[in-house]
S.K.: 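This structure is in structure tokens; I'll ask about it shortly.
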Amino acid sequence: MIEFIDVKKIYKNDKIALSNINLKIDKGEFVFLIGSSGAGKSTFMKLLLKEEEVTSGKLIIDGVDITKLPRRKVPKLRRSMGIVFQDFRLLQNKNVYDNVAFAMEITGHSQKEIRRKVPSVLSLVGLSDKAKSYPSELSGGEQQRVSIARAIVNNPSLLIADEPTGNLDPQTAWEIMELLKDINKRGTTVIMATHAKDVVDKLKKRVIALEKGVIVRDEERGTYDE
Ligand code: ADP
Ligand code: ADP
């Protein structure tokens, strides 16, 4: 579903953030993206979301080269992706239900669809009893569950997670990983940038390692270190 062909990204200050990126990610894969700070992980994810433009090469998603995608089609591309951040990024003045419902409202779903879908997604992430709580009343793990619910409520084919366990204690991190694995098992492709060595080593998923903007390792059932 995703193919990078000779992708290069040079920022305006002439910084080469990614070069010679060639890879395919099949529908339903779970991929860890690893590498030290500055290796190019965020850039990789921003290119997929078309938050940054590829400098040269092709980036094909479901048969379409998104480097040539007209601007008017970008919102539809983004709707096919869910994104989860390290710092949750919830709306503090909305409760759990409304944080998730809002993601459906801005994508034009009817109130009827929202009333049907939000409770089922909250149930999936184990937060049915917290629907009326506000983010400030939740633990870090619960806030991350809300952000995952928001990311998947529109049934994206791809979930991009940027250090989703970075702010969580080890036990809570494992619970979030179980949830991401469940979502992946239901067919959603997951690309997760992480520094969590124990998580990567335990899950034995595909590992793509970046170093100074190039892929230095790409292994099925990989580990954090070589
Ligand atoms: P990572 O997410 O692995 O920390 P990034 O993709 O953020 O790496 O950064 C890759 C390289 O590109 C780094 O050298 C970084 O300083 C540079 N970079 C990132 N964003 C920008 C930008 N907007 N303008 C210029 N350089 C950038
Ligand atoms: P700590 O003792 O560092 O607080 P935990 O007790 O949560 O951390 O976990 C210790 C180790 O046990 C983890 O590093 C991990 O390898 C493994 N582990 C814990 N929970 C799980 C889980 N749900 N699934 C897989 N491995 C787990």
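Just so it is clear, the values below take in all heavy atoms, side chains as well, and ignore hydrogens, waters and symmetry mates. For ligands, and for the atoms within them, numbers begin at 1 and follow the listed sequence.
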S.K.: Flag the pair K202 and D198 as a salt bridge only when some basic side-chain nitrogen lies within less than 4.0 angstrom of an acidic carboxylate oxygen.
M.R.: no
S.K.: Salt bridge between E178 and K181, side-chain N to carboxylate O under 4.0 Å?
M.R.: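 Salt bridge between E178 and K181, a charged N being under 4.0 Å from a carboxylate O: yes.
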S.K.: Would you mind running through ligand 1 and noting each atom that sits below 4.0 Å from a heavy atom of N13?
M.R.: 25 (C), 26 (N)
S.K.: Can you list the ligand 1 atoms lying under 4.0 Å from a non-hydrogen atom of K41?
M.R.: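 Checking each atom against K41, I get 1 (P), 2 (O), 3 (O), 4 (O), 6 (O), 8 (O).
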S.K.: Considering only protein heavy atoms, which is closest to atom 12 (O) of ligand 1, and at what distance to one decimal place?
M.R.: A17 CB, 3.4 Å
S.K.: Could you walk me through whether S147 and Q144 satisfy the side chain to side chain donor-acceptor pair (under 3.5 Å) test, starting with their C-alpha distance in whole Å, then the side-chain angles of each, then the deciding distance to 0.1 Å, before giving a yes or no?
M.R.: CA-CA 5 Å; S147 101; Q144 194 58 296; 2.4 Å; yes
S.K.: Could you check whether any side-chain N or O of Q143 sits under 3.5 Å from a backbone N or O of L90, counting only pairs where one atom can act as donor and the other as acceptor?
M.R.: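 No, Q143 side chain to L90 backbone: no donor-acceptor pair under 3.5 Å.
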S.K.: If only atom types and distance count, is the side chain of R145 paired as donor or acceptor with the main-chain N or O of V125 below 3.5 Å?
M.R.: yes
S.K.: When you measure from the side chain of K50 to the backbone N and O of I66, does any donor-acceptor pair fall under 3.5 Å?
M.R.: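 Here the side-chain-to-backbone pair exists.
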S.K.: Quick one: which ligand 1 atoms are inside 4.0 Å of a heavy atom on S42?
M.R.: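 Under 4.0 Å from S42, ligand 1 has these atoms: 1 (P), 2 (O), 6 (O), 7 (O).
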S.K.: What residue and heavy atom of the protein are closest to atom 14 (O) of ligand 1, and at what distance?
M.R.: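 Scanning the protein heavy atoms, the shortest distance from atom 14 (O) of ligand 1 goes to K15 CE, 3.0 Å.
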S.K.: For atom 4 (O) of ligand 1, what's the nearest protein heavy atom and its distance?
M.R.: G38 N, 2.6 Å
S.K.: Should one rank A193, G35, G40 by closest heavy-atom distance to atom 8 (O) of ligand 1, which comes out on top?
M.R.: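 Nearest heavy atom to atom 8 (O) of ligand 1 lies in G40.
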S.K.: Which atoms of ligand 1 sit under 4.0 Å from any heavy atom of S36?
M.R.: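 Those qualifying, in numeric order: 3 (O).
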S.K.: Write out the residue and atom name of the closest protein heavy atom to atom 26 (N) of ligand 1, then the distance separating them to 0.1 Å.
M.R.: Y11 CD1, 3.4 Å
S.K.: Roughly how far, to the nearest 0.5 Å, is OG1 of T189 from CG of L158?
M.R.: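 Here the interatomic distance stands at 6.0 Å.
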S.K.: Any protein heavy atom sitting closer than 4.0 Å to atom 20 (N) of ligand 1?
M.R.: yes
S.K.: Could you check atom 5 (P) of ligand 1 against the protein and tell me its nearest heavy-atom contact, residue, atom and distance included?
M.R.: T43 OG1, 3.7 Å
S.K.: Would you call D87-R89 a salt bridge at under 4.0 Å N-O?
M.R.: yes
